[in-house]
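Okay, structure first, notes after.
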Number of protein chains: 2
Amino acid sequence: MTRPRLEVLAAVHDHPHADTATLLRVVREPLPAVSHQAVYDSLHTLTDAGLVRAIQPAGSATRYEARVGDNHHHVVCRGCGVVADVDCAVGETPCLHPSDAHGFALDEAEVVYWGRCPQCLAATTP
Amino acid sequence: MTRPRLEVLAAVHDHPHADTATLLRVVREPLPAVSHQAVYDSLHTLTDAGLVRAIQPAGSATRYEARVGDNHHHVVCRGCGVVADVDCAVGETPCLHPSDAHGFALDEAEVVYWGRCPQCLAATTP
DNA sequence: CGTCTTGTCTTGACGGATTCAAGACAAGAC
DNA sequence: GTCTTGTCTTGAATCCGTCAAGACAAGACG
């Protein structure tokens with residue numbers, strides 16, 4: 001748990017849903033010498049440790065967030081790719097038990113809502 | 001709607017959840033001369049036409065399936081990346097209305113279940 | 001029938017994101 | 001004090017997907 005890793009963790013905390021390029025830029029503010037490798041490695045380590053969570057909406061690079069442990073999901077804008085958090089409407093984990101899991105041992109249900117954010121809505125329908 | 005496109009469509013029908021490399025290989029059996037470009041273009045066209053659907057589980061390349069129009073979701077194996085179809089347990093679309101959509105105009109809820117397939121379960125816990 | 005237009009296919013090069021490989025370096029174990 | 005381990009730097013490589021330019025076939029239209 002070294003300085004680069006702490007800076008990466010802080011960057012993920014401060015910039016939720018940022019992609020790796022953004023995080024690399026942020027981390028290089030206090031630590032100009034970090035390599036992208038260290039950031040990738042740190043992100044993997046932090047992900048394995050459960051301190052950050054990786055999300056990969058279709059069509060964009062990997063993004064990371066620091067909100068872990070609570071069952072929240074994401075809305076992704078089809079226009080600009082912005083990601084926002086949402087809590088599932090139902091209190092429990094409604095979709096965690098599909099009708100037929102084909103023998104899979106499930107440990108997580110990931111939900112992604114697709115739509116258009118207010119800005120893109122305003123831009124396309126003025 | 002040309003021969004390459006029909007072959008691509010047939011390949012997606014015959015190989016659900018296959019990635020583009022696999023589809024390219026399959027299409028080249030009857031049509032050895034097709035370029036990857038034609039396959040990519042065909043897949044995009046078919047996706048736009050609603051005849052196939054693209055899915056991108058985190059950590060693997062784009063996959064395509066021909067089951068469209070019904071509200072089904074996917075289980076993905078963390079070990080080998082195998083994808084299988086599941087129908088949502090609840091008849092309606094339970095998660096389509098999150099508590100707070102942040103002003104987004106939602107049009108789709110995508111659900112991915114993560115776990116381990118029977119083969120990987122057997123391999124890791126003998 | 002001949003020309004024009006449109007859209008698809010081929011070829012080849014490009015770009016971004018991520019990973020691989022090898023060596024340097026620092027810190028703790030013994 | 002040396003050894004070992006794990007992390008970081010540097011640099012190259014890989015993989016997926018896209019862009020760009022030209023060839024080519026088919027239908028539209030005169």
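The structure displayed is predicted, hence computed values, not measured ones. Residue numbering restarts at 1 for every chain, and letters A, B, ... go by the order of the sequence lines.
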(request) Would you indicate which nucleotide in C:dT19, D:dT7, D:dT18 comes nearest to any side-chain atom of A:D41? (result) D:dT7
(request) Figure out the CD/C1' separation between A:Q56 and C:dA17, and round it to whole Å. (result) 10 Å
(message) Checking side-chain polar atoms at under 3.5 Å, does B:E65 have a donor or acceptor matched by the opposite partner on B:H13?
(response) no
(request) Mind calculating the distance between CG (B:L43) and P (C:dC9) to the nearest angstrom? (result) 11 Å
(request) Treat a base pair as Watson-Crick or G-U wobble with both distances under 3.5 Å, then lay out DNA chain C in dot-bracket form, 5' to 3', with | for cross-strand pairs. (result) ||||||||||||||||||||||||||||||
(request) Take the protein atom CG of B:L46 and the nucleotide atom C1' of C:dT8, then report the distance between them rounded to whole Å. (result) 13 Å
(message) Centre-to-centre under 6.0 Å for A:H72 and A:H74, is that the case here?
(response) yes
(message) Within the supplied structure, the quantity of interest is the number of heavy atoms (other residues, nucleotides, ligands) at a distance under 6.0 Å from B:R3 CZ; does it exceed 12?
(response) no
(request) Take atom CZ of B:R3 and atom P of C:dT10, then tell me their distance rounded to the nearest Å. (result) 10 Å
(request) Can you tell me the distance, in whole Å, between the OH atom of B:Y40 and the C1' atom of C:dG12? (result) 15 Å
(request) Please tell me which of the listed nucleotides, D:dC8, C:dT18, D:dC16, lies nearest to the side chain of A:T62? (result) C:dT18
(request) Rounded to the nearest angstrom, tell me the gap between atom CZ in B:R5 and atom P in C:dT10. (result) 12 Å
(request) Check whether A:V26 and A:L9 end up in the same hydrophobic cluster, where Ile, Leu, Val, Met, Phe, Trp and Tyr are linked by side-chain heavy atoms less than 4.5 Å apart. (result) no
(message) If you only use heavy atoms from C-beta on, which nucleotide in C:dC9, D:dC16, C:dT18 is closest to the side chain of B:A38?
(response) C:dC9
(message) Give the residues of residues 20-34 of chain B touching DNA chain C, defined as any heavy atom closer than 4.0 Å, sorted by residue number.
(response) B:A33, B:V34
(message) Could you check whether B:D41 pairs with B:R5 (Lys NZ or Arg NE/NH1/NH2 to Asp/Glu carboxylate O, under 4.0 Å)?
(response) yes
(request) Round to the nearest Å and state the distance from B:L6 atom CG to C:dC9 atom P. (result) 10 Å
(message) Enumerate the side chain to side chain donor-acceptor pair (under 3.5 Å) contacts for residues 21-34 of chain A, please, sequence neighbours excluded, ordered by first and then second residue.
(response) A:D19-A:T22
(request) Remember a base hit wins even if backbone is also touched, and classify A:S35 as base, sugar-phosphate or nothing at under 4.0 Å, heavy atoms. (result) base
(message) Side chain of A:H36 only, heavy atoms from C-beta on: which candidate in C:dA13, D:dG11, C:dC9 is closest?
(response) D:dG11
(message) Under a 4.0 Å threshold between the charged nitrogen and the carboxylate oxygen, would B:R78 count as salt-bridged to A:E108?
(response) yes
(message) Among B:L51, B:V52, B:V34, B:L46, which residue satisfies the side-chain contact (heavy atoms from CB on, under 4.5 Å) criterion with B:V8?
(response) B:L46
(request) Scan side-chain atoms only and decide if A:H102 and B:D85 contain a donor-acceptor pair under the 3.5 Å cut-off. (result) no
